[in-house]
Amino acid sequence: MEPRYDVNEVEARIYKMWEDAGWFDPEKCIEKGVTAPDAEPFSIVLPPPNVTGTLHMGHAAMLAVEDIMVRFARMNGKRTLWIPGTDHAAIATQSKVEKDIVKAEGKNRHDLGREEFLKRVRAFAQESHDTIVRQVKRMGASLDWSREAYTLDDKREVAVRTAFKTMYDLGLIYRGHRVVNWDVKGQTTISDDEIVYEERKTKLYTFRYGLLADGSKFPIPIATTRLETKFGDTAVAVHPSDERYKQYVGKTFDVDYCGTPITVKVIADESVEKDFGTGALGVTPAHSMIDWEIAQRHELPFKTIIDEFGKMTVENPLVHGKKTAEARAIAADALRAAGLIEKEEEIMQNVATAERTGGIIEPLPKLQWFIAVNKPFGEKQKTLKELMKSGVTEGGIKILPERFERVYFNWIDNLRDWCISRQIWFGHQVPVWYCLHCQTPQINASITNHWYVMRHGQTDWNKEERYMGHREIPINETGHAQVVTAAEKLSDKGIDVIISSDLLRCKETAEIVGKKIGIAPIFDERLREIDEGAWEGLLKSEVIEKYPDTWKTRTDLDNERGGAETWRDVSKRVHEAFNEYRQKYKGKNVLLVTHGGSIGTLEAGLRGFPEGKIPPGKDHASFMEIEIAEDKCPQCGHDLYEQDPDTLDTWFSSGLWPFSTLGWPKKTKDLETYFPNSVLETGYDIIFFWVARMILMSEVLMGGIPFRRVYLHGLVRDDKGRKMSKSLGNIIDPLTMADKYGADATRLSLIIGSSAGNDLKLSEDRIRGYRNFSTKLWNIARFIQMNKPEGELGASTADGHVYIKELNDVKNAVTAHIENFEFHLAGEKLYHYVWHRLADEIIEQEKTVLRDGTPEEKAERYALLTSLLLGSLKMLHPFMPFITEEIWQIFRPGTMLMVERW
RNA sequence: GCGCGAUUAGCUCAGUGGUAGAGCGUCACAUUGACAUUGUGAAGGCCGGAGGUCCGAUCCCUCCAUCGCGCACCA
């Protein structure tokens with residue numbers, strides 16, 4: 001044996017050896033006779049690391065714990081499956097990549113466009129994935145890579161769509177107009193759990209509305225921190241038993257708020273606290289979750305006065321278009337001037353901010369997709385909340401440590417409907433298609449082919465704002481560049497046919513795209529722009545001057561415009577062409593290149609707009625996508641659709657993980673064998689995000705629990721108990737540690753001294769300590785090896801020896817500890833036994849015999865010590881897989897410790 | 001406001017109804033030994049505070065303090 005244990009050489013070699021042997025795959029183990037075909041299954045899924053970067057110590061701790069369970073199960077003859085995977089982590093990944101791009105190129109995602117931006121995100125995710133996989137292997141995790149999954153791969157896409165459809169059909173997923181958490185900075189909705197509250201100082205104002213009738217004051221003073229939202233008040237709520245205000249309950253008042261007339265009804269609601277503020281609450285249903293709920297109970301109207309950008313939309317000259325903070329100050333001044341403010345006090349307030357972007361959360365009413373958690377469904381007529389609870393109370397899920405069951409129940413009690421749609425680009429697109437004509441949603445529409453309707457590139461006349469009908473104007477340099485960019489985007493759409501207007505600007509556009517994708521365009525004069533007649537070539541200003549009357553009504557269908565053609569004429573020929581080609585190229589992907597006006601009339605018709613209404617104009621070289629479905633819309637009989645542009649909350653797909661990784665919705669052998677999972681091991685910080693959602697999804701889609709046991713580990717902190725973070729500079733990188741001290745030592749440092757649900761303080765010193773243990777173990781083996789007698793060995797007489805009995809006691813204790821999820825105790829016990837008993841005492845004591853004994857005595861002691869060593873290696877293997885396997889290879893070549901029986 | 005966790009040696013943490021243990025650190029001695037370091041030994045703790053239950057409490061109960069965390073509220 002080498003005098004020195006070379007960590008890096010050994011660990012790389014050994015992992016490859018395991019992988020090549022195929023024993024990470026339980027089916028191969030059965031094939032090779034290592035596992036009995038009817039053995040009890042043990043299954044666990046890896047909590048998929050986000051593809052946002054690299055592995056950290058938390059991951060390493062998770063891998064260590066899970067690998068112990070998995071290796072222990074495997075060595076105990078169980079049919080053991082541990083599935084690896086990664087998580088696309090929608091918002092997290094998207095914002096990480098966008099931040100990087102902004103920093104490097106000064107562009108945001110809108111500058112790049114959806115397609116190009118997604119391409120970048122995917123490239124980043126791929127790179128990140130590769131790194132993570134390498135790192136996971138470096139830690140020695142015995143995962144079955146043949147079953148690797150990704151929350152955004154094709155198989156999981158099928159799972160997501162099936163889940164969505166099933167839940168929609170059950171009435172659990174609905175589209176609703178409700179107040180959501182709107183992240184102004186990130187421009188998306190987020191769920192309640194993605195909010196972090198920041199404590200800030202703010203002013204609590206007590207004010208009164210002015211009565212509209214006589215300018216006197218509203219009888220009830222109201223306290224608020226958000227004066228700017230009071231434009232949206234539709235009620236004042238007081239506690240039902242509040243004597244002060246009882247006389248007003250049920251009455252409606254027309255009042256003035258900073259110059260805006262509003263109507264408020266005084267209502268009584270239990271949720272109002274008599275002792276807070278004035279005991280009266282101005283109800284702003286559109287901009288507060290709580291107020292929205294009150295409004296629902298009392299059937300109050302709501303008035304939206306803030307938009308997606310956090311700006312005021314209320315028609316009040318003082319604040320219109322202003323940001324909320326500004327509007328608040330303005331309202332305060334106005335009220336003060338009117339003598340309507342009664343009190344101003346400084347208070348501490350929790351401000352809702354978005355976890356990922358740090359932006360302020362503005363509650364806004366929006367049309368979004370939700371999962372109903374309080375709606376009874378299915379045969380049992382139970383709600384999701386009830387099922388999530390019963391999974392733990394009766395369903396057999398045990399959470400360790402137990403105290404987290406309480407935390408879990410508490411969370412369920414406070415759970416609101418889960419908003420699952422996000423306005424970001426990276427993720428599973430909502431599998432809903434809206435009928436272009438009547439907007440009726442269809443889930444998982446079977447789309448057969450696509451049409452892309454594209455506008456030509458810019459011409460000089462466009463630039464000069466000159467009316468351009470049938471005149472042959474070429475596209476200019478800008479237009480050319482626009483078309484080239486568009487052609488790039490269109491090149492991977494599988495376009496079969498290109499049809500274009502025969503006017504030069506479209507012709508050129510179609511030819512550039514056609515060249516890029518290798519298709520010769522077809523030209524059709526019916527797709528031309530409107531014939532502008534007398535308007536042709538005139539500047540917009542000239543038309544306004546010369547034809548003021550027709551210009552005013554220029555979008556009317558029957559407006560004569562330049563005297564040549566009306567929009568009704570255009571609409572007729574464009575639709576005629578469209579319908580004809582639809583028949584002719586059934587099932588083909590078609591690109592239609594045409595003009596702004598033609599697109600407008602076509603789109604207005606397809607969308608079933610009322611006469612005169614026109615869709616917003618399209619940019620040069622931009623294209624709209626129309627999807628054609630196999631089934632006609634049940635509502636209106638049309639078959640043109642467009643998909644919901646939103647994506648799903650990343651936790652929707654991770655919620656399916658325990659069964660989507662096993663092949664669901666297909667009825668696979670894996671699903672049958674390995675579901676429900678034996679254990680779910682993860683950090684306690686994602687019990688709500690993930691654990692709860694997996695239980696939810698499984699209860700609905702699998703009709704039962706997703707796993708039997710939940711083991712929650714703590715957070716890894718630095719030696720002072722702080723979170724590890726880049727800004728603190730206290731990150732201990734698991735890979736650096738593995739290279740320096742070995743993955744084995746790193747693993748052990750994460751196991752010993754940490755128990756379920758408790759945070760672990762880690763320092764490099766600790767890891768070094770366990771490296772010393774590795775060295776010790778190596779030298780124990782080396783010493784025994786050095787004392788190997790010459791020639792044939794006699795039969796071992798070790799059995800029954802007091803040392804062996806002692807080893808068995810250790811084994812029993814260690815086994816019990818592992819079975820009870822007390823990995824730290826097992827590890828400590830082994831550490832102590834190997835170093836302080838085996839090395840310090842037993843070996844020391846036998847040294848004299850090994851030096852001075854008869855050959856028989858020497859052989860006997862050698863056999864005894866070898867038994868002790870190999871027994872220790874087995875027990876240590878789940879904790880320190882590399883070094884134990886390496887030593888085993890020296891003593892028992894041709895066999896593999898990884899699949900030895902425990 | 002509700003709830004949870006922690007408080008044990010200088011540091012990091014185990015632990016048990018019968019008046020305490022590990023690792024690291026410190027000190028002394030030994031050792032070129034199988035040991036890129038190891039061995040032997042030592043010092044060091046009224047087990048956060050106050051009550052209670054018990055023959056006996058670090059452990060069980062109650063209250064308090066400090067630190068940390070979660071949830072809710074936040075007009």
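Every chain is numbered from 1 and lettered A, B, ... according to where its sequence line falls, protein lines coming before strand lines.
Among the candidates A/W778, A/F882, A/F773, the single residue satisfying the ring pair (Phe, Tyr, Trp, His ring centres under 6.0 Å) test with A/Y5 is A/W778.
Residues A/E342 and A/R208 are paired through a salt bridge, judged by an N-O separation under 4.0 Å between the basic side chain and the carboxylate. Salt-bridge annotation for A/R768 and A/D765: present, with a side-chain N of the basic residue lying under 4.0 Å from a carboxylate O of the acidic one. Checked for salt-bridge contact, A/E386 and A/K389 miss the test: no charged N lies under 4.0 Å from a carboxylate O.
Figure legend. B/C55 is base-paired to B/G18; pairs are counted as Watson-Crick or G-U wobble with both atom distances under 3.5 Å. Base-pair partner of B/C71: B/G1 (Watson-Crick or G-U wobble, both distances under 3.5 Å). In a base pair of the Watson-Crick type (N1 to N3 plus N6-O4 or O6-N4) or a G-U wobble (N1-O2 and O6-N3), with each distance short of 3.5 Å, B/C11 is matched with B/G23.
Checking the phosphate oxygens (OP1, OP2) of B/A14, no side-chain nitrogen or oxygen of A/H832 falls inside 4.0 Å. At B/C11, none of the side-chain N or O atoms of A/K761 fall inside 4.0 Å of OP1 or OP2 (strictly under the cut-off). For the pair A/S755 and B/A14, the criterion of a side-chain N or O lying under 4.0 Å from OP1 or OP2 is met. Phosphate contact (OP1/OP2 of B/G39, side-chain N/O of A/W835, threshold under 4.0 Å): present. Considering only side-chain N and O atoms, A/R403 lies nowhere under 4.0 angstrom from the phosphate OP1 or OP2 of B/G3. Regarding contacts with the backbone of B/U37, a side-chain N or O of A/R771 is found under 4.0 angstrom from either OP1 or OP2. Look at A/N410 and you won't find any side-chain N or O under 4.0 angstrom from OP1 or OP2 of B/G70. Residue A/R406 places at least one side-chain N or O closer than 4.0 Å to OP1 or OP2 of B/C4.
You'll find that the side chain of A/I290 is closest to B/C74, out of B/C74, B/A14, B/A34.
No donor-acceptor contact under 3.5 Å links the side chain of A/E822 to the base of B/A14.
Nucleic acid contact for A/I752: none, since no nucleic acid atom lies under 4.0 Å from a heavy atom of the residue. Residue A/R200 is out of contact with every strand shown, counting any heavy-atom pair closer than 4.0 Å. Nucleic acid contact class of A/Y197 (heavy atoms, under 4.0 Å, all strands): base. Residue-level contact check: A/I780 touches the bases, meaning some heavy atom is under 4.0 Å from a base atom. At the heavy-atom level, A/N414 lies under 4.0 Å from the strands shown only through sugar-phosphate atoms.
In terms of position on RNA chain B, the residue among A/E841 and A/L281 whose nearest nucleotide sits closer to the 5' end is A/E841.
Aromatic ring centres of A/Y257 and A/F218: separated by at least 6.0 Å.
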